[in-house]
Each structure stands twice: as structure tokens, then as C-alpha cells.
Amino acid sequence: TVQKLVVVVTGQQSNEVLERWVFDVAAENTALSPDGTVDKTEKEVNKEIAAIIRQITASVTFLPLLEEACTFDLLVYTDDDVQVPSAWEESDPKYITEADEVKLRSFTTKVHRVDACVSYKAEQ
């Protein structure tokens with residue numbers, strides 16, 4: 001099971017982590033009805049996902065301008081017993097020292113809850 005997805009934005013020349021977007025995924029098994037269905041429509045889930053996408057888009061108002069070309073890495077945190085593709089490799093968590101953090105809107109599918117936040121290098 002996937003527990004967390006992290007998108008890490010790194011300066012290409014400086015090799016410094018500039019942004020770290022974290023999406024914590026938690027299973028909500030109690031949301032399933034006895035017949036295994038979820039009492040939430042696809043339209044409701046899409047509406048919540050659209051709201052978080054709007055919030056991510058609006059983050060340009062507070063995030064510092066990225067002044068160098070950047071690369072990104074996707075970190076996937078899973079349960080220990082999950083078999084991952086052989087092309088994946090281990091990585092450090094790529095934390096940002098002296099970071100500012102902003103929590104974003106959460107959403108739920110009633111099967112999974114996703115909490116999101118972005119950490120970024122504080123301007124000096």
C-alpha cells in the first residue's frame with residue numbers, strides 16, 4: 001500500500017532541494033459499506049481533487065520564484081511488504097533545512113484520505 005507520495009523540486013545547478021510537496025495517503029477502510037461499495041460519487045471525489053489542484057495552482061502567490069532550471073523526483077513511501085519495481089531505487093527523504101511549510105486542503109474518497117502540504121526553502 002502507498003502511504004505517501006512526495007514530489008521534490010531540486011535546483012539543477014545548485015543541487016539544492018527548493019520545494020517538497022507531500023501527499024500523505026491513509027486508508028479509511030471503515031468507509032466501505034457491507035457490500036464493498038463507497039457512499040461517495042465520482043463527481044464528489046473529482047470536485048475535491050479539483051479543489052486541491054486549484055490550491056496547488058494558487059500556491060504561486062506565496063512560493064518563492066524558482067530562479068534556476070529545476071528537476072523533480074517522485075518519492076513513493078510504501079508498506080514494507082510491498083513489492084516495488086526493480087527500476088526504483090532507495091533515496092533519502094530530501095528534507096529542506098530551515099523550511100517554511102504550508103498545509104493544503106485535504107480530500108477523501110471515503111476509501112482513502114489525502115493530506116497535503118508543501119515545504120519550501122525560506123527566503124533569507
Side-chain angles (χ1 to χ4, degrees):
T1 306
V2 172
Q3 299 172 352
K4 182 186 304 194
L5 295 172
V6 180
V7 179
V8 178
V9 179
T10 305
Q12 198 169 22
Q13 292 178 338
S14 67
N15 205 33
E16 183 176 27
V17 177
L18 303 173
E19 294 178 5
R20 190 172 187 275
W21 295 80
V22 178
F23 301 90
D24 285 308
V25 181
E28 294 187 330
N29 297 333
T30 58
L32 294 176
S33 64
D35 65 355
T37 61
V38 177
D39 186 28
K40 192 167 205 178
T41 67
E42 184 176 342
K43 184 176 180 177
E44 290 172 309
V45 172
N46 287 340
K47 186 177 177 180
E48 290 183 10
I49 292 171
I52 197 169
I53 290 172
R54 281 193 302 277
Q55 193 174 19
I56 289 169
T57 303
S59 68
V60 298
T61 60
F62 62 83
L63 289 174
L65 182 63
L66 299 175
E67 298 187 13
E68 66 177 298
C70 295
T71 62
F72 73 91
D73 290 305
L74 178 63
L75 310 180
V76 180
Y77 292 75
T78 65
D79 292 340
D80 291 336
D81 61 347
V82 171
Q83 192 169 16
V84 298
S86 60
W88 289 13
E89 55 188 50
E90 293 286 326
S91 171
D92 67 276
K94 301 194 182 284
Y95 292 124
I96 301 172
T97 55
E98 298 182 30
D100 286 340
E101 182 176 287
V102 175
K103 297 229 181 269
L104 303 175
R105 181 180 305 199
S106 298
F107 72 92
T108 179
T109 64
K110 289 200 174 177
V111 175
H112 295 94
R113 176 177 176 79
V114 179
D115 296 311
C117 69
V118 59
S119 301
Y120 56 95
K121 182 147 182 73
E123 293 196 59
Q124 314 251 347

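Just so it is clear, the values below take in all heavy atoms, side chains as well, and ignore hydrogens, waters and symmetry mates.
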Compile the donor-acceptor pairs under 3.5 Å between side chains in residues 48-61 and protein atoms, sequence neighbours left out, one pair per line.
{"from": "E48", "atom 1": "OE1", "to": "K40", "atom 2": "NZ", "distance (Å)": "3.3"}
{"from": "E48", "atom 1": "OE1", "to": "T108", "atom 2": "N", "distance (Å)": "2.9"}
{"from": "E48", "atom 1": "OE2", "to": "K40", "atom 2": "NZ", "distance (Å)": "2.7"}
{"from": "Q55", "atom 1": "OE1", "to": "R105", "atom 2": "N", "distance (Å)": "2.5"}
{"from": "T57", "atom 1": "OG1", "to": "I53", "atom 2": "O", "distance (Å)": "2.9"}
{"from": "S59", "atom 1": "OG", "to": "I56", "atom 2": "O", "distance (Å)": "2.5"}
{"from": "T61", "atom 1": "OG1", "to": "A58", "atom 2": "O", "distance (Å)": "2.8"}

Got more than 12 heavy atoms from elsewhere within 6.0 Å of CG, D92?
yes
Whether Q13 side chain and E68 backbone form a donor-acceptor pair below 3.5 Å = no
Given the rule that I, L, V, M, F, W and Y join up when any side-chain heavy atoms are under 4.5 Å apart, are [X] and [Y] in one cluster?
X	Y	result
L63	V7	yes
Y95	V9	no
V118	V76	yes

Residues K94 and R20: closest non-hydrogen pair is O-CD, 3.2 Å
Minimal heavy-atom distance between S119 and A99, with the atoms involved, is CB-CB, 4.2 Å
Tracing side-chain contacts under 4.5 Å among Ile, Leu, Val, Met, Phe, Trp and Tyr outward from V8 reaches V6, V17, V22, L75, Y77, I96
The reported gap from CG in L18 to OH in Y120 (rounded to nearest 0.5 angstrom) is 13.0 Å
In short, salt bridge (charged side-chain N to carboxylate O under 4.0 Å, His left out) pairs touching residues 3-17 with sequence neighbours left out are K4-D24, E16-K121
